[in-house]
Q: 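The structure under discussion is supplied below as structure tokens; questions concerning it will follow.
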Amino acid sequence: LNVVLAVGFVACVLSTSDRTLGSAVSRVRNTHMVIPVTPSMRVKTGIRRAPISPKSTAKLDFLEAKPYYDKSTIPVNTHKNKAPLTAKVVSVERIVGPKATGETCNIVIDHEGKMPYWEGQSAGVIPPGIDPKRNKPYGVRLYSIASTRYGDDFTGKTMTLCVRRATYWDPELGKEDPAKKGVCSNYLCDAKPGTELALTGPAGKVMLMPEEKPETPIIMLATGTGIAPYRGFLRRLFVENTEAAEKFKGLAWLFLGVANSDALLYDEDWKAMQEKYPEKFRYDVALSREQKNKSGGKMYIQDKVEEYGKEVFELMNLGAHIYFCGLKGMMPGVLGAMESVAKSQGVNWEETLQKWKKAGQWHVEVY
Ligand code: FAD
């Protein structure tokens with residue numbers, strides 16, 4: 001049975017021939033979809049994003065390794081700090097609502113195909129100017145790449161970043177001190193289309209997907225802009241038409257922690273994904289200033305991990321890969337929650353953690 005829904009956009013090829021696979025999930029042989037962002041969605045949420053073009057229904061393979069999961073040719077540091085690539089900003093859009101704590105922007109950059117990267121890698125940006133503290137040019141800042149290798153326009157020539165503007169709240173003044181705002185994040189969030197950027201990288205191999213085993217469940221924990229690498233993962237698994245998407249048989253489970261619903265990042269995309277792939281994609285949020293945990297305190301991401309601890313452990317014991325990305329401060333809470341889940345199951349936490357790390361199931365990129 002082949003079902004192809006055009007402008008809408010869901011292309012979903014279901015095969016009834018695979019009798020060996022019991023669940024509905026595994027019968028989905030080849031799934032790729034384009035999630036339309038309607039004007040009403042944008043007005044309602046205050047989120048503006050270019051609608052995803054129908055081009056993604058075409059097979060994408062020109063940036064794949066052979067076989068597609070072979071990590072031996074991953075590009076690393078193609079552009080070094082001393083010789084960065086000059087790239088251009090295509091667009092900068094605020095992607096949070098009016099009541100969000102702080103500002104986060106979706107930034108599309110044109111690298112003309114000169115900086116190929118894989119999902120989960122980061123890009124370096126060198127802001128212009130001289131660092132007064134060192135009397136030297138500013139150093140590089142890293143940003144997780146939030147698009148797949150093909151970019152949001154599927155050309156392989158762009159990348160997307162998800163950047164939170166760093167501000168400084170002066171407790172004595174009782175207000176923000178603009179003199180102490182973050183250099184690079186503000187430069188990026190204020191950039192206009194056409195602004196030139198000094199790019200380095202791509203960097204990092206910690207956050208790569210386990211594509212060599214397409215049945216592997218993927219558990220993703222993000223606080224704030226920690227969502228960035230997972231946006232790349234999830235677009236690769238559920239939006240693009242690649243061999244990786246076709247082969248994926250696992251469960252992708254996203255936990256996102258932010259302060260309130262206006263601060264949710266790409267929420268409508270995740271909701272649409274959940275609707276289309278309820279058995280392959282799970283999405284849970286922790287809104288610290290809107291929801292309460294079971295003890296009546298603020299709901300943080302660790303509370304969600306604890307709530308679903310049994311399932312998380314079951315998946316990990318089946319070989320799932322777990323990813324942590326976002327602010328450093330997320331780790332103690334999440335580790336504490338996992339330790340208490342282990343205890344409640346009579347499992348030695350230290351040994352379990354070491355086992356997962358050794359098996360390459362544990363991926364951390366916090367900043
Ligand atoms: P900086 O100018 O470096 O300042 C840092 C902080 O110090 C700011 O909060 C600033 O307000 C404060 N400050 C400045 N002057 C003073 C002063 N005199 N006294 C006290 N405080 C002061 N960030 C993202 O937004 N998105 C990402 O996807 C992302 N991915 C990352 C991935 C990795 C692997 C790493 C390591 C980091 C990542 N970051 C990400 C963080 C990013 O690299 C930057 O650290 C961040 O944007 C702040 O840089 P900045 O130049 O704006 O701030």
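Note that the numbering runs from 1 along the sequence shown for the chain. Remember, it's 1-based here, ligands and their atoms both numbered in the order they're listed.
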Q: Just one of Asp110, Asp152, Asp153 clears the side chain to side chain donor-acceptor pair (under 3.5 Å) bar with Thr158, so which one?
A: Asp153
Q: Taking NZ, NE, NH1 and NH2 as the nitrogens, is one of them in Arg149 or Glu119 under 4.0 Å from a carboxylate oxygen of the other?
A: yes
Q: How about Trp362 and Tyr323: are their ring centroids closer than 6.0 Å?
A: no
Q: As an exercise, identify every atom of ligand 1 less than 4.0 angstrom from a heavy atom of Glu365.
A: 34 (C)
Q: To the nearest 0.5 Å, tell me how far Ser288 OG sits from Asn260 CG.
A: 7.5 Å
Q: Determine if the distance from atom 33 (C) of ligand 1 to the closest protein heavy atom is below 4.0 Å.
A: yes
Q: Do ligand 1 and Cys184 have nitrogen or oxygen atoms that lie under 3.5 Å from each other?
A: yes
Q: Look at Lys271 together with Glu268 and state whether they make a salt bridge at an N to O cut-off of under 4.0 Å.
A: no
Q: Protein heavy atoms near atom 30 (N) of ligand 1, is at least one of them under 4.0 angstrom away?
A: yes
Q: Using the rule given for ring pair (Phe, Tyr, Trp, His ring centres under 6.0 Å), can you reason through Trp253 versus Tyr230, listing the C-alpha separation, both sets of side-chain angles and the distance that settles it, and then say yes or no?
A: CA-CA 10 Å; Trp253 192 354; Tyr230 311 140; over 10 Å; no
Q: Going by distance only, is there an N or O of Asn186 that falls short of 3.5 Å from an N or O of ligand 1?
A: no
Q: Report yes if Cys162 has an N/O atom closer than 3.5 Å to an N/O atom of ligand 1; otherwise report no.
A: yes
Q: Any nitrogen or oxygen of Ser144 lying under 3.5 Å from a nitrogen or oxygen in ligand 1? Just yes or no.
A: yes
Q: So among Tyr150, Tyr68, Phe154, which one has a ring pair (Phe, Tyr, Trp, His ring centres under 6.0 Å) with Phe62?
A: Tyr150
Q: List the closest protein heavy-atom neighbour of atom 12 (C) of ligand 1: residue, atom name, distance to the nearest 0.1 Å.
A: Lys180 O, 3.8 Å
Q: Are Phe238 and Val285 co-members of a hydrophobic cluster defined by side-chain heavy atoms under 4.5 Å apart?
A: yes
Q: How far is atom 25 (O) of ligand 1 from its nearest protein heavy atom, and which residue and atom is that?
A: Arg164 N, 2.9 Å
Q: Around atom 2 (O) of ligand 1, find the nearest protein heavy atom and jot down its residue, atom name and distance.
A: Val183 N, 2.8 Å
Q: Which residue and atom name correspond to the protein heavy atom nearest atom 53 (O) of ligand 1, and how close is it?
A: Gly182 CA, 3.1 Å
Q: Is the shortest side-chain N to carboxylate O distance from Lys213 to Glu215 below 4.0 Å?
A: no
Q: Under 4.5 Å between any side-chain heavy atoms of Val341 and Lys310, yes or no?
A: no
Q: Atom 1 (P) of ligand 1: which of Glu176, Arg165, Met207, Arg141 has the nearest heavy atom?
A: Arg141
Q: Ignoring angles and geometry beyond distance, decide whether Leu142 reaches within less than 3.5 Å of ligand 1 through its nitrogen or oxygen atoms.
A: yes
Q: For atom 9 (O) of ligand 1, which candidate among Gly139, Cys325, Gly204, Ala166 provides the closest heavy atom?
A: Ala166
Q: When you measure from atom 41 (C) of ligand 1 to every protein heavy atom, which one gives the shortest distance, and what is it?
A: Tyr367 CD1, 3.7 Å
Q: From atom 5 (C) of ligand 1, is the closest protein heavy-atom distance below 4.0 Å?
A: no
Q: Taking the side chain as everything from C-beta on, heavy atoms only, tell me whether Thr200 gets closer than 4.5 Å to Leu85.
A: no
Q: Within the structure, does Lys133 bring an N/O atom to less than 3.5 angstrom of an N/O atom in ligand 1?
A: no
Q: Could you check whether the rings of Phe281 and Tyr283 sit parallel, tilted or perpendicular, using 30° and 60° as the cut-offs?
A: parallel
Q: Would you say Lys181 has any N or O atom under 3.5 Å from an N or O of ligand 1, going by distance alone?
A: no
Q: Check each atom of ligand 1 against the heavy atoms of Val163 and keep those under 4.0 Å away; list them by number with element.
A: 25 (O)
Q: Could you check atom 44 (C) of ligand 1 against the protein and tell me its nearest heavy-atom contact, residue, atom and distance included?
A: Tyr143 OH, 3.9 Å
